[in-house]
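Before any comments, here is the structure.
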Amino acid sequence: MFIEYGELSTLFYETTKPVGTELDGDITAYKEHLGATTGKILEAGVGTGRMLIPLLQAGFDVEGVDISSQMLSQCRKNLKAHQLTAPLYEQDLTQLALPTKYEAIIMPTGSFCLLPRNQALQILRAFKAQLVEGGALIIDSILPQDFTVGEVYQRTLPLAEQTGILFTSTSLEMDWVKQQTVALHRYEKLEQGTLVQTELSRFVLAWYGIEEMTMLLQAVGFTSVAHSINETLVTFYAN
Ligand SMILES: C[S@@+](CC[C@H](N)C(=O)[O-])C[C@H]1O[C@@H](n2cnc3c(N)ncnc32)[C@H](O)[C@@H]1O
């Protein structure tokens, strides 16, 4: 019934956060965390390559995996435009199985919170299995401090003189028991005031307590777990 990271959502993401856009300095921070890494790195939920491409340009050997064919297609275009190549896999992280073992897996932008909460342990276990012995996992988790039920946020994004996207996010639910928020994301493409395309996404974001995520990471075999906090984003470093 809904579509996550479909055509309009991808266009909106690519236009508002083009390759290299820093979100609270995250690309710089990930480069620093990965500083000593020379082996293969996997970006889980690679999206359009916003972070992948600067990491490749900095000399890291990064591959990407994502469930959205539209986001991956944009990523391929962006790689080509930057005269770069990288293996990209279309795969659901709940079924992760890739041919390579990685020295590090990263999942920036709070994307881990998009994954089904009841499969978190299984996904973290699959991440661990996909790492070389002693490999590092770096993931962000978002705390829903700014979420208010009933709030409506709108943004108009011009694409050309007579074309644009009207984005409306309506905050629907804050489920304290399931620890998740639900918002309805509506992307409307307008041409000279006429609606030509609509895309609706049921945007579910889980959240994790810091102790909880630390214990989950330890439960799947990471012996060293640390975290840092930047506003509502918590970054976990595990190996
Ligand atoms: C917020 S975007 C982040 C993109 C990129 N990592 C960045 O930092 O710009 C989240 C990405 O996670 C992907 N994603 C969500 N659920 C997924 C799943 N179950 N398996 C694989 N990718 C998933 C989406 O398709 C989307 O491209």
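Read the numbers this way: they start at 1 and go in the same order the structure lists the ligands and their atoms. Along the sequence shown, residues are numbered consecutively beginning with 1.
- When Cys75, Ser69, Gly45, Gly64 are ranked by how near their heavy atoms come to atom 6 (N) of ligand 1, first place goes to Gly45.
- The shortest contact between atom 9 (O) of ligand 1 and any protein heavy atom is with Tyr13 OH, 2.6 Å.
- Nearest residue to atom 25 (O) of ligand 1 from Val46, Asp66, Ile67 is Asp66 (criterion: closest heavy atom).
- Remark: ligand 1 and Tyr5 share no N or O pair separated by less than 3.5 Å (distance only, no angle test).
- Here's the thing with Thr94: none of its N/O atoms is less than 3.5 angstrom from an N/O atom of ligand 1.
- Distance alone, capped at 3.5 Å, places no donor-acceptor pair between the Thr148 side chain and the Glu151 backbone.
- Contact annotation for Leu93 and ligand 1: heavy atoms of both the backbone and the side chain come within less than 4.0 Å of the ligand.
- At a heavy-atom cutoff of 4.0 Å, ligand 1 is contacted by the side chain of Glu43 but not by its backbone.
- Ranking the protein heavy atoms by distance from atom 8 (O) of ligand 1 puts Thr109 OG1, 2.5 Å first.
- At least one heavy atom of Leu114 sits closer than 4.0 Å to an atom of ligand 1.
- Criterion: ILVMFWY side-chain heavy atoms under 4.5 Å apart, direct or through other members. Under it, Phe203 and Leu11 are not part of a common hydrophobic cluster.
- At a cut-off of 3.5 Å, with distance as the only test, no side-chain donor of Tyr102 or Asp61 sits close to an acceptor on the other residue.
- For ligand 1 and Gln91, the ligand atoms under 4.0 Å from any heavy atom of the residue are 20 (N), 21 (C).
- Using modelled atom types, one finds no donor on one side chain facing an acceptor on the other under 3.5 Å when comparing Gln180 with Glu173.
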